[in-house]
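Accompanying notes for the structure given below.
Hydrogens, waters and symmetry mates are skipped; everything else that's a heavy atom, side chains included, is used.
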There are 2 protein chains.
Amino acid sequence: MNISDTAKPMATPAGQVRNEEIFRTAAELMVQRGYSGTSMGDLAKAVGMTKAGLYHHISSKQDMLFQILQHAMEGLERAVIEPAKRITDPEERLREMIRLHVRGLFDHGLEFTLLFPEKRHLEPAQQQIVAQQIEGYLAMIREALQELADEGKLQDLDVKIAARHILQTIAGIARWYSKDSGITEDLLVEQTVNFNLSAILKH
Amino acid sequence: MNISDTAKPMATPAGQVRNEEIFRTAAELMVQRGYSGTSMGDLAKAVGMTKAGLYHHISSKQDMLFQILQHAMEGLERAVIEPAKRITDPEERLREMIRLHVRGLFDHGLEFTLLFPEKRHLEPAQQQIVAQQIEGYLAMIREALQELADEGKLQDLDVKIAARHILQTIAGIARWYSKDSGITEDLLVEQTVNFNLSAILKH
């Protein structure tokens, strides 16, 4: 496997597919060995490039981690945030966010989610960018909860804490799920939506 | 700070306190730098011992990680599992498990929880011990859910998935909580109990 000679792999649709592959493989390796236990040489080998070839696209291991997390957040934006924003009803919007996010975990790799705790190894400015993106997503969950509260449909709960709990049930799947569990993706999507909606809605 | 000359620090109550200190400091460092990014020299320095002194108690970095996780699981056993086992009513037992577990996070350090993903660096036999301990705890949550189902009080839900979601809302607190959030410990305990009970109980 060799990437094309374009300066940045994002440029073409084929480049984007290759990019997804590179980021996914690199994320898997970093999750397996830990950020500190992974070298640029390891990363280059895993994605089938020379170290020089990899440095053509990524300036450092830290840059690689940042690019992967940005790629993951762009995926969340495209697969979850954008479609959900078009839904007016807050209950329906929240259901769809949870549904699409759990689906996205399986479609785009659980390892991206597992890599987020490593964000502490980024530069402060990069950490801030990632933190703001996560905060934006949480704000969207809180907004749906607040709209439900305004409609009288919400349990008596702290919106900030509930938004965190919802997000942890979703991101948590990446930490415990294994194919050997005998749990299908469809069941997991349905159950995660139901668990969270039941937690927050008045009955 | 120098530990006593007894072969293992567990031996006396004072040794236990010192042990808790050592494990906590070591866990903090491993969480901060990642397992791979932390050396025995770093650990010795952080706990105020010479490397030789530390090797007197702990045979390797891997052993240190295993001892810390065993210490954390013993804490869970003592602070959550034992008191909860004495409660007959499954709803009351589950409430108490969540309440005590969230309290325990604050009393014994969030860093122990954050260290569990590093268990992949342990020997297979050690990994299996930790996995069985976690499975035992999950089984206890599932058992309470099953008893509630038998009493006709449970929502129509998958007990295996619900037990995982409950545990993720609790362990997840270690990942997102900060003192700057303005959220008090009491509020967090109450809200985490209510969120999960509302998620699973019929209304």
>> For a quick test of reading the model, state the closest non-hydrogen atom pair linking B/Ala162 to A/Phe195 and the distance between them.
In response: O-CE1, 4.0 Å

> What part of A/Leu114 gets closer than 4.5 Å to chain B, counting heavy atoms only: side chain, backbone, both or neither?
Replying inline: neither

> Just how far is it from atom NE2 of A/His165 to atom CG of B/Asn196, taken to the nearest 0.5 Å?
Replying inline: 6.5 Å

> Based on non-hydrogen pairs under 4.5 Å, which of B/Lys202, B/Glu118, B/Gln191 is most in contact with chain A?
Replying inline: B/Gln191

>> To the nearest 0.5 Å, what is the distance between CG on B/Leu187 and CG on A/Leu157?
In response: 10.5 Å

> Between A/Thr192 and chain B, which part of the residue has a heavy atom less than 4.5 Å away: side chain, backbone, both or neither?
Replying inline: both

> Does any heavy atom of chain B fall under 4.5 Å from the side chain of A/Gln32, the backbone, both, or neither of them?
Replying inline: backbone

> Just how far is it from atom CD of B/Gln168 to atom CZ of A/Arg175, taken to the nearest 0.5 Å?
Replying inline: 5.0 Å

> Does a sphere of radius 6.0 Å around CG in A/Asp156 hold more than 12 heavy atoms from other residues, nucleotides or ligands, not counting ones at 6.0 Å or beyond?
Replying inline: no

>> Minimum heavy-atom separation for B/Ser36 and A/Arg33, please, with both atom names.
In response: OG-O, 2.9 Å

> chain A heavy atoms under 4.5 Å from B/Leu188: which part of the residue, side chain, backbone, both or neither?
Replying inline: both

>> Give me the atom names and distance for the closest heavy-atom approach of B/Ala199 to A/Ser198.
In response: O-OG, 3.0 Å

> Do you know which of A/Ile170, A/Leu167, A/Asp158 has the most heavy-atom pairs with chain B at a distance under 4.5 angstrom?
Replying inline: A/Asp158

> Is there side-chain contact between B/Thr169 and A/Arg164, with heavy atoms separated by less than 4.5 Å?
Replying inline: no

> What orientation do B/His203 and A/His203 show, parallel under 30°, tilted 30 to 60°, or perpendicular over 60°?
Replying inline: parallel

> Relative to chain B, which segment of A/Tyr35 carries a heavy atom at a distance below 4.5 Å: side chain, backbone, both, or neither?
Replying inline: neither

> Would you find a donor on one side and an acceptor on the other, under 3.5 Å apart, between the side chain of A/Lys160 and the backbone of B/Gly182?
Replying inline: no

>> Can you tell me which of A/Asn194, A/Ile161, A/Leu201, A/Ile183 forms the most heavy-atom pairs within a distance under 4.5 Å of chain B?
In response: A/Ile161

